[in-house]
Chemist: 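Please see the structure below; I have some questions.
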Amino acid sequence: MADSIVILTGAGASADSGLATFRGPGGLWEGRQVEDVATPEAWSLDPAQVWRFYQMRRAALSRVQPNAAHRALAAFELQLKRRCIPFVLVTQNVDDLHERAGSTPLHMHGELASLRCEACGARCRDLQGLDPNRFIPCPRCEYPRLRPDIVWFGEMPFHMSAIEDAMAGCTLFLAIGTSGAVYPAAGFLEIARAEGAVTIINSLEQPGNLTPEDRYVEGRAAEVLPELLEELLTEIGAE
Ligand code: APR
């Protein structure tokens with residue numbers, strides 16, 4: 001059966017660059033309510049607090065670089081492209097570290113580097129406007145404040161039809177650095193199993209959606225991924 005590969009990444013893939021994950025010690029949700037900064041209701045109730053939260057994360061992103069996991073994924077994608085093997089990288093992460101390493105991910109939870117006008121739908125990419133206390137007006141319709149182009153809790157993730165197409169018939173699925181706590185991303189593993197795919201999970205502790213059918217690789221993605229992806233390329237190449 002021809003290979004078709006999907007890789008899903010979560011906050012753990014960017015942890016080795018120095019960006020905080022969400023859950024676990026020092027996570028973004030530690031000492032903070034999701035409802036206060038990552039829902040449409042929070043944005044309408046206290047847009048300044050929400051804006052500060054994302055401006056803080058954008059400022060953190062401007063200080064970090066892609067890590068060995070991002071680079072290994074970009075190299076893997078290039079090798080598969082050369083062999084005409086279908087590959088889709090789906091990320092829950094809103095940072096641009098995959099792109100800066102050379103990957104072309106589907107950002108199902110949106111992007112820190114993008115802002116969106118809720119009045120006219122215009123999008124603009126502005127990582128420069130990092131003032132935590134200054135809203136950015138829409139350059140097209142002058143609506144007073146662009147919102148973060150992030151998928152908040154209760155909103156529909158982006159690229160779902162492209163992701164569903166990629167999951168259909170996938171033969172190899174990897175989940176890298178995700179706790180398997182948030183759907184629909186957490187459900188991709190089960191879909192891959194149902195497709196008969198080989199399923200491999202890398203994280204620091206076993207995610208909630210792991211089953212005995214899955215291969216679990218414990219360790220930091222920056223350390224584990226280069227060797228794991230080389231091994232998989234060799235296996236693929238052998239077929
Ligand atoms: N290498 C590999 N895995 C790591 C590393 C690392 N260096 N550091 C942490 N991890 C793993 C943890 O073991 C955990 O399984 O990364 C995962 C981080 O889990 P979360 O913080 O829950 O992040 P994530 O799964 O991406 O969250 C999903 O939740 O809040 C929402 O929208 C937000 O996209 C996010 C979604």
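Both counts, for ligands and for their atoms, begin at 1 and track the order of listing. Positions are given from 1 along the sequence. These values consider heavy atoms only, across backbone and side chains, with no hydrogens, waters or symmetry-generated copies.
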Chemist: Report, in ascending order of atom number, the atoms of ligand 1 lying under 4.0 Å from any heavy atom of G219.
Modeler: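 Reading through ligand 1 atom by atom, the close ones are 1 (N), 2 (C).
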
Chemist: Pick whichever of G10, G12, S14, A15 has a heavy atom sitting closest to atom 4 (C) of ligand 1.
Modeler: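 Comparing heavy atoms across G10, G12, S14, A15, the nearest one to atom 4 (C) of ligand 1 lies in G12.
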
Chemist: Test your reading of the structure: does L204 have an N or O sitting under 3.5 Å from an N or O of ligand 1?
Modeler: yes

Chemist: For S179 and ligand 1, does the shortest N/O to N/O distance drop below 3.5 Å?
Modeler: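 Between S179 and ligand 1, an N or O pair is found under 3.5 Å apart.
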
Chemist: Pick one of side chain, backbone, both or neither for how T21 approaches ligand 1, counting any non-hydrogen atom pair under 4.0 Å.
Modeler: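 The answer is both, backbone and side chain.
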
Chemist: Would you check, one step at a time, whether the test side chain to side chain contact (heavy atoms under 4.5 Å, CB included) holds for T104 with E77?
Modeler: CA-CA 9 Å; T104 48; E77 179 172 347; 2.6 Å; yes

Chemist: Short question: side chain of T178, backbone of T9 - any donor-acceptor pair under 3.5 Å?
Modeler: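 No, because the side chain of T178 does not come within donor-acceptor range (under 3.5 Å) of the backbone of T9.
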
Chemist: Any salt bridge between E231 and R215, counting N to O under 4.0 Å?
Modeler: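 R215 and E231: salt-bridged.
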
Chemist: With heavy-atom distances below 4.5 Å as the criterion, would you say the side chains of D96 and L112 are in contact?
Modeler: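 Result no, sub-4.5 Å side-chain heavy-atom pair not found.
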
Chemist: N93 versus ligand 1: do any nitrogen or oxygen atoms come within less than 3.5 Å of each other?
Modeler: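 No, there is no polar N/O contact under 3.5 Å.
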
Chemist: Could you measure the distance from the CZ atom of R100 to the NE2 atom of H70? Nearest 0.5 Å is fine.
Modeler: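 Here the interatomic distance stands at 9.0 Å.
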
Chemist: What is the nearest protein non-hydrogen atom to atom 30 (O) of ligand 1, stated with its residue, atom name and distance?
Modeler: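 Checking every protein heavy atom, the shortest distance to atom 30 (O) of ligand 1 gives W29 NE1, 2.8 Å.
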
Chemist: Check each heavy atom of F153 against ligand 1 and say whether those closer than 4.0 Å belong to the side chain, the backbone, both or neither.
Modeler: side chain

Chemist: May I ask you to check whether A221 has an N/O atom sitting below 3.5 Å from an N/O atom of ligand 1?
Modeler: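 Yes: some nitrogen or oxygen of A221 is under 3.5 Å from one in ligand 1.
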
Chemist: At less than 4.0 angstrom from any non-hydrogen atom of R220, what atoms of ligand 1 do you find?
Modeler: 1 (N), 6 (C), 7 (N)

Chemist: Say whether, by atom type as modelled, one donor and one acceptor occur between the side chain of T39 and the main chain of A42 under 3.5 angstrom.
Modeler: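 Yes; judged by distance alone, with no hydrogens or angles, the pair exists.
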
Chemist: Nearest 0.5 angstrom please: E223 CD to L228 CG, how far?
Modeler: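 The CD atom of E223 sits 13.5 Å away from the CG atom of L228.
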
Chemist: May I ask you to identify the nearest protein heavy atom to atom 12 (C) of ligand 1, giving residue, atom name and distance to one decimal place in Å?
Modeler: E205 OE2, 3.3 Å

Chemist: For the residue pair E213 and T199, confirm or rule out a side-chain donor-acceptor distance under 3.5 Å.
Modeler: no

Chemist: Write out the residue and atom name of the closest protein heavy atom to atom 36 (C) of ligand 1, then the distance separating them to 0.1 Å.
Modeler: V182 CG2, 3.8 Å

Chemist: Of all the non-hydrogen atoms in the protein, which one sits nearest to atom 27 (O) of ligand 1, and at what distance?
Modeler: R23 NH1, 3.1 Å

Chemist: Within a distance under 4.0 Å of any heavy atom of G177, pick out the atoms of ligand 1 and give their elements.
Modeler: 3 (N), 16 (O), 17 (C), 18 (C)

Chemist: Go through N93 and H109 one step at a time and tell me if the side chain to side chain contact (heavy atoms under 4.5 Å, CB included) criterion holds.
Modeler: CA-CA 7 Å; N93 300 339; H109 289 169; over 6 Å; no

Chemist: For atom 23 (O) of ligand 1, which protein heavy atom lies nearest, and how many Å away is it?
Modeler: A11 CB, 3.5 Å

Chemist: I'd like to check which ligand 1 atoms, numbered from 1 as shown, lie under 4.0 Å from a non-hydrogen atom of T178.
Modeler: 15 (O), 16 (O), 17 (C), 24 (P), 25 (O)

Chemist: Would D214 and R193 count as a salt bridge (Lys or Arg N to Asp or Glu O under 4.0 Å) here? Give the steps.
Modeler: CA-CA 8 Å; D214 309 313; R193 271 190 232 110; 2.8 Å; yes

Chemist: Give the residue and atom name of whichever protein heavy atom lies nearest to atom 28 (C) of ligand 1, and the separation in Å to one decimal.
Modeler: Q92 OE1, 3.4 Å

Chemist: How close does the nearest protein non-hydrogen atom get to atom 35 (C) of ligand 1, and which residue and atom is it?
Modeler: F22 CE1, 3.5 Å

Chemist: At under 4.0 Å between heavy atoms, which part of H109 makes contact with ligand 1: side chain, backbone, both or neither?
Modeler: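 The side chain, only.
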
Chemist: Would you verify whether the NZ or CZ of R123 falls within 45 degrees of the ring axis of F158 while also being under 6.0 Å from that six-membered ring's centre?
Modeler: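 Yes, cation above the ring, under 6.0 Å and within 45°.
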
Chemist: Is a side-chain N or O of N202 found less than 3.5 angstrom from the main chain of G219, in a donor-acceptor match?
Modeler: yes

